[in-house]
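Before any comments, here is the structure.
To find a chain, count down the sequence lines: A is the first, B the second, and so on, and within it residues start at 1.
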Amino acid sequence: MSGVHDGNHHPEPEAYAASRTKALESLLIEKGLVASDVLDGIVHAFEQDIGPLNGAKVVARAWVNPEYRRRLLEEGTEAIAEMGFKSGQGAEIVVLENTPMVHNVVVCTLCSCYPWAVLGLPPTWYKSAAYRARMVLEPRTVLGEFGLELDDSVEVRVWDSTADVRYMVLPEQPSGTDDSSEDALVQLVSRDSMIGVARVKNPAETS
Amino acid sequence: MNGIHDMGGMQGFGRVIYEHDEPVFHDIWEGRLYGISRMIGHYSIFAPNGMRFALEHIDPAVYLTSSYYERWLLVIEQALIEKGHLSLEALNERTEFFRVNPEASPPRRDDPEALERFINALPLWQSPNRDVDVEPQFSVGDPVKSLNINPSGHTRLPRYVRGKHGAIAKYHGVHDFQDSVPERSGSDPQPVYSVRFEGSELWGESAEQNQSLYVDMWESYLERA
């Protein structure tokens, strides 16, 4: 964060990266290679518009609409595009269905590949060395650290996004929500459940 | 390359540190840098997948002790300098200016037409599928073995799955082969598959119970088993 002002004290020295990036931006502006309003627009798009709410809407629709669910699992990119969310870069989205017997979880061991069209930009933990290294090696242990305990009878499938396919998990619908409206269901679906490190909870059933 | 980025299976990193309600960008500079990376991409400062390869080349100690966007900053400034868009001297000088003048901001120059183009381009989807006449060699269910290749160039075959037995689980279509793109000419489109590996095949006796891994592989990573 930039310096904190405290009365007569000088502001904290800015982090090197902050000064370096300002320098980069100013030189690129002067050379006409970037434009300020476009930078503003990009930041705004990823801070406000493109985020896990997109994916939550896709999940909620799949829960209430079996035909949509079928299309989503068969042809993820197209079904997601039906909701108005399109993946700009050259990637396809495949949706993975979690069931009582199969739990899917997604990682990119080599970098940070992530289905950003439905989830926005990935969180720091997803890009961390610990997650990238350990999720393929000991998923149950890592999921346990996230608070998700899975019985040994549940198959854990870890998907490493090494190519141009991006993966999104379709989490199980929590019990007791069969009569909920689609809008109410959207509110329940967390980003973490669409990566596979959490289940969706029914708030009425948690203490 | 067998770089530090190829982390699957490494031990010793400790617990995953989870930050609740973390912001998309932790600092203003991260957002500005992200925006810069998106804008300058089309000046071809990187070949397709070239930025990934550049990240892989960062000195391992620097890679591990830098944040995600600090690594981006490194490779982006390097590429801009290499392509002649900036000089290191100018960048150093300007960095020093902002260091001693932390209240200062970069100048503003707006380009409403570019902004509109960006907004319009955002939802457009570029499919990775290539419309070429290539028959996939493998079908779902086929037993396969991934090759033990160790190229010094860019590869998307992680070390932890090389030389391992698996089975074709899904066929994704024909996509440009990422390994060939940064350095060689031509995109070499190939069939891409999700290949399923049992945990025990990859990790041996210490593998967790009932675990499988699905890794996406271009056809040239595979041979029939």
May I ask you to check whether [X] and [Y] show a side-chain donor-acceptor distance below 3.5 Å?
| X | Y | answer |
| --- | --- | --- |
| A:Ser112 | B:Tyr68 | yes |
| B:Asn210 | A:Arg157 | no |
| A:Glu92 | B:Ser127 | no |
| B:Tyr214 | A:Ser161 | no |

- Query: Got a sec, which pairs hit salt bridge (charged side-chain N to carboxylate O under 4.0 Å, His left out) with one end in residues 101-122 of chain A, sequence neighbours left out?
  - Reply: none
Under a 4.0 Å threshold between the charged nitrogen and the carboxylate oxygen, would [Y] count as salt-bridged to [X]?
| X | Y | answer |
| --- | --- | --- |
| B:Arg109 | A:Glu25 | no |
| B:Glu22 | A:Lys127 | no |
| A:Asp40 | B:Arg32 | yes |
| B:Asp6 | A:Arg132 | no |

Please rank [options] by heavy-atom pairs under 4.5 Å with chain B and give me the top one.
| options | value |
| --- | --- |
| A:Val94, A:Val34, A:Val43 | A:Val34 |
| A:Ala23, A:Ala35, A:Ala130, A:Ser36 | A:Ser36 |
| A:Val107, A:Thr21, A:Val105 | A:Thr21 |
| A:Gly41, A:Ser153, A:Pro139 | A:Pro139 |

- Query: Got a donor-acceptor contact below 3.5 angstrom from the B:Gln211 side chain to the A:Val156 backbone?
  - Reply: no
- Indicate yes or no for a side-chain donor-acceptor contact from A:Lys22 to the backbone of B:Trp29 under 3.5 Å, with no hydrogens or angles considered. no
Residue part contacting chain A, namely of [X], when any heavy atom lies under 4.5 Å:
| X | answer |
| --- | --- |
| B:Ser67 | neither |
| B:Asn92 | both |
| B:Gln209 | both |
| B:Pro23 | neither |
| B:Ile4 | neither |
| B:Phe197 | neither |

Part of [X] within contact of chain B (heavy atom distance under 4.5 Å):
| X | answer |
| --- | --- |
| A:Thr141 | both |
| A:Leu150 | neither |
| A:Tyr167 | side chain |
| A:Ala45 | side chain |
| A:Leu110 | both |
| A:Val154 | backbone |
| A:Ser128 | side chain |
| A:Val136 | both |
| A:Asp192 | side chain |

Check: [Y] and [X] side chains under 4.5 Å, non-hydrogen atoms:
| X | Y | answer |
| --- | --- | --- |
| B:Phe25 | A:Glu47 | yes |
| A:Leu24 | B:Leu91 | yes |
| A:Thr109 | B:Tyr160 | yes |
| A:Leu137 | B:Trp203 | yes |
| A:Trp159 | B:Ser194 | yes |
| B:Tyr34 | A:Leu121 | yes |
| A:Ser26 | B:Phe97 | no |

- Can you tell which of B:Arg196, B:His175, B:Glu19 has the highest number of heavy-atom pairs within less than 4.5 Å of chain A? B:Arg196
- Note on the structure: Greatest number of non-hydrogen atom pairs under 4.5 angstrom with chain A, of B:Gly12, B:Gly14, B:Ser105, falls to B:Gly14
- Note on the structure: Residue set satisfying side-chain contact (heavy atoms from CB on, under 4.5 Å) with B:Leu115, at least two apart, ordered chain then number -> A:Asp37, A:Val38, B:Ile119
- Begin from the C-alpha positions of A:Glu30 and B:Arg94 and carry the test salt bridge (Lys or Arg N to Asp or Glu O under 4.0 Å) through to its verdict. CA-CA 12 Å; A:Glu30 287 163 13; B:Arg94 195 65 64 93; 2.8 Å; yes
